[in-house]
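Taking it in order: structure first as structure tokens, then the write-up.
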Amino acid sequence: MTLTLPEPCVVVLVGPGGAGKSTWAGARFAADRIVSSDRLRALVGAGEDDITASADAFALLDTVVAQRIRRRLTTVIDTLGLDAQRRAGWIAAAREHGLPVVAVAFDTPAAQCRARNRARATKRIPADVLTAQLRTWASTRDALVSEGFDAVHLERPTSETPARTVPEAFVAAAEARRRQEDDPARLRFGLHIGEFQGVDVRATAVRAEEAGFDAIYVMDHFRQIPQLGRAWEDFLESYTTLAYLAACTTRVRLGALVTGVTYRNVAHLGKIVATLDVLSGGRAVCGLGLAWFKEEHVAYGWPFPSVGERYALLEDALRVLPLLWGKGSPGFEGRALTVPEALCYPRPVQERLPIIVGGNGERRTLRLAATYADAANVMGDLATVRRKASVLHGYNPDTRLTHLGTALVAADDRHLADLVERRRGRRSREAYAREVNAGTVADHVGRFRQLADAGVREAMVRLPDPECLAPMAEVMAAFR
């Protein structure tokens, strides 16, 4: 059985001397997450067994724990944990800063604690002191469940319980994973490529198709956006890249997520997308959005209209593109756009070339998607997705909801820890794990089932590391 802990959280170890608390913590957590009274005693005194330094060590422990909780860092408190008042203080501090707090109680037999204590070369506890600790533990064990901990885990010496920390969303997703196993839901997946620095796009696309992705999407920008990198990093033009990928793949749908409506003459954009559909054998998807990156417009000399003007242009684009892809050559006169002759031959292979509108705006963006498009693409956590789904389907229950997010997917706990450590840079493990939704295959099956239950029909996924592709294939297989 795996003890799954939310990330971040506070873990309070509780048990008498010799129960195995420090060994347990050291085998499961990085040293910089563990706040140990013994180590602090050595820091302020003559060694870990310098009892005269205990008061100063505990004062320092309280300070360190308080600071880590304030900064919302996972903190493992390695002391006896037998003082009820001190436990109550840790629980209150965790509550104040919105952190879950878990007690790990060590129910080690008294004889085993005494034997371990006798075998110690240092830090040996006087026999009468250990006896007193064992008595206190006997009364503490049953009291823990009523003290306000989010969970109390009883650790026995015979149990082999690996522990790991995962973003809190994955803890809630465990039940969703079981639902997926018992009653599978279907979900489509698209690989979203947002970085090209050092990336072999052909190999990436081929591997993605082999792994089971249903679609491949690229960002429609002309230089890297600040959320993902620096302006001078390699960045490929979207539709040239998609045309190349059409020749590299045979099955996946291809599109820009999403095309900035200000970047091209809209009728010309319709011709580009239609050409992509013809060359790919009917696999093009047209993503449309307002465009938001002002600095990019300025750098290339494009006008950057007001929000209202861009919404007018987006609505006109949504109206004229299906005319362009249809029969004949009708004229179009909109609020922001005039197309005297909407002519496009060859027409797209698809009878209805799908349009996805990207953006989280509830009053205008989702309304436009519901009125004119096949799908709306949103970002955000599960609560946000549920709200967007409710708004979208209030406008039109038949419009599909899609979701764009990042997923660092690992084969197992060890692989997960290694990926996070290698990629986090100067960020804390906790912050990076939250940022990229770091979890194992099982974690992500639960997370994507939650999204499916919330109304998502396609999940567009950014993978932060090439090693994520194989475990992501396992996740997708659970939804087939």
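- Scanning all heavy atoms of the two residues, the minimum distance from L323 to F332 falls at CD1-CD1, 4.0 Å.
- In this structure a side-chain-to-backbone donor-acceptor pair under 3.5 Å is missing from D234 to Q197.
- The backbone N or O of E467 sits nowhere less than 3.5 Å from a side-chain atom of H415 that would complete a donor-acceptor pair.
- The main-chain N or O of W24 is found under 3.5 Å from a side-chain atom of R28 such that the two form a donor-acceptor pair.
- Looking at heavy atoms from C-beta onward, V357 lies out of side-chain contact with V258 at the 4.5 angstrom threshold.
- A distance of 5.0 Å separates CG of L269 from OH of Y239, quoted to the nearest 0.5 Å.
- V378 pairs in a side-chain contact (heavy atoms from CB on, under 4.5 Å) with only one of the listed residues (V456, T384, L401), which is L401.
- Under the side-chain contact (heavy atoms from CB on, under 4.5 Å) test applied with E209, the options T204, D214, V252 reduce to a single match, V252.
- Between D150 and R95 a salt bridge is recorded (basic side-chain N to carboxylate O distance below 4.0 Å).
- A donor-acceptor pair under 3.5 Å is absent between the side-chain atoms of R178 and the main chain of G446, judged by distance alone.
- Within 6.0 Å of CZ in R251 there are more than 12 heavy atoms belonging to other residues, nucleotides or ligands.
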Legend entry - R347 vs Y345, side chain to side chain contact (heavy atoms under 4.5 Å, CB included): CA-CA, chis, key distance, verdict: CA-CA 5 Å; R347 294 172 54 211; Y345 290 97; 3.8 Å; yes

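- For R70 and Q67, the side-chain atoms include at least one donor-acceptor pair closer than 3.5 Å.
- In this structure, D220 contributes its side chain and S238 its backbone to no donor-acceptor pair below 3.5 Å.
- A donor-acceptor pair under 3.5 Å links the side-chain atoms of T259 to the main chain of G287, judged by distance alone.
- A salt bridge links E362 to R387: one of the charged nitrogens lies within less than 4.0 Å of a carboxylate oxygen.
- A donor-acceptor pair is defined here as one N or O able to donate and one able to accept, closer than 3.5 Å; such a pair exists between the side chain of R283 and the backbone of A246.
- E7 and T74 are linked by a side-chain donor-acceptor pair at a separation below 3.5 angstrom, with hydrogens and angles left out of the test.
- Taking the charged nitrogens against the carboxylate oxygens, R429 and D32 do have a contact shorter than 4.0 Å, which makes a salt bridge.
- Salt bridge present: R422 and D418 bring a charged side-chain N and a carboxylate O closer than 4.0 Å.
- No side-chain donor from either of T402 and R188 sits under 3.5 Å from a side-chain acceptor of the other.
- A tilted orientation is assigned to the rings of F222 and Y300, their planes being inclined by 30° to 60°.
- Residues E296 and R223 are not paired through a salt bridge, judged by the lack of any N-O separation under 4.0 Å between the basic side chain and the carboxylate.
- Across every non-hydrogen atom of G270 and C344, the tightest pair is O-SG, 4.5 Å.
- With hydrogens and angles disregarded, a donor-acceptor distance shorter than 3.5 Å links the side chain of R480 to the backbone of G212.
- Annotation for R363: atom CZ does not count as buried by contact number, only 12 or fewer foreign heavy atoms lying within 6.0 Å.
- Between the side chains of T406 and N437, no donor N or O sits under 3.5 Å from an acceptor N or O.
- Using a 4.5 Å heavy-atom cutoff, the side chains of V12 and V14 are in contact.
- Taking the side chain as every heavy atom from C-beta outward, W325 and Q350 never approach each other to under 4.5 Å.
- For the pair L288 and L314, the minimum side-chain heavy-atom distance is below 4.5 Å.
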Inset, instruction - Quick one: do L368 and L318 satisfy side chain to side chain contact (heavy atoms under 4.5 Å, CB included)? Show the steps, please. - result: CA-CA 8 Å; L368 287 175; L318 289 167; 4.0 Å; yes

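- A perpendicular orientation is assigned to the rings of F293 and H221, their planes being inclined by more than 60° (bins at 30° and 60°).
- Shown here for A452 and R457, the closest heavy-atom pair between the two residues is O-NH1, 3.3 Å.
- In this model, no donor atom of one side chain and acceptor atom of the other lie less than 3.5 Å apart for E458 and H403.
- Residues R462 and H192 have side chains that bring a donor and an acceptor to within less than 3.5 angstrom of each other.
- Considering only heavy atoms from C-beta on, T240 stays 4.5 Å or farther from L236 through its side chain.
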Inset, instruction - Decide yes or no on side chain to side chain contact (heavy atoms under 4.5 Å, CB included) for M219 and L257, but give the supporting numbers first. - result: CA-CA 5 Å; M219 291 201 303; L257 198 69; over 6 Å; no

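- Considering all non-hydrogen atoms of both residues, T399 and A369 come closest at CG2-O, 3.9 Å.
- The backbone N or O of L313 sits nowhere less than 3.5 Å from a side-chain atom of R335 that would complete a donor-acceptor pair.
- Judged by distance alone, the side chain of S280 and the main-chain N or O of D277 form a donor-acceptor pair under 3.5 Å.
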Legend entry - From CA spacing to verdict: salt bridge (Lys or Arg N to Asp or Glu O under 4.0 Å), R264, E237: CA-CA 13 Å; R264 302 168 185 84; E237 194 279 325; 3.1 Å; yes

Legend entry - Stepwise side chain to side chain donor-acceptor pair (under 3.5 Å) check, D78 with S22: CA-CA 6 Å; D78 181 13; S22 298; 2.7 Å; yes

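- When all heavy atoms are compared, the tightest approach of I69 to A93 is CG2-O, 3.5 Å.
- The side-chain tip of R310 points at the ring of F304 from less than 6.0 angstrom away and within 45° of straight on.
- Salt-bridge annotation for D453 and R179: present, with a side-chain N of the basic residue lying under 4.0 Å from a carboxylate O of the acidic one.
- Classification of E210 and R207 as a salt-bridged pair fails, no side-chain N sitting under 4.0 Å from a carboxylate O.
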Inset, instruction - Using the side chain to side chain contact (heavy atoms under 4.5 Å, CB included) rule, take W302 and T262 through it: C-alpha gap first, then chi angles, then the decisive distance, then the call. - result: CA-CA 8 Å; W302 289 313; T262 59; over 6 Å; no

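- Here the closest heavy-atom approach between residue A284 and residue L353 is recorded as O-CD2, 3.8 Å.
- For H297 and W292, the ring centers sit 6.0 Å or farther from each other.
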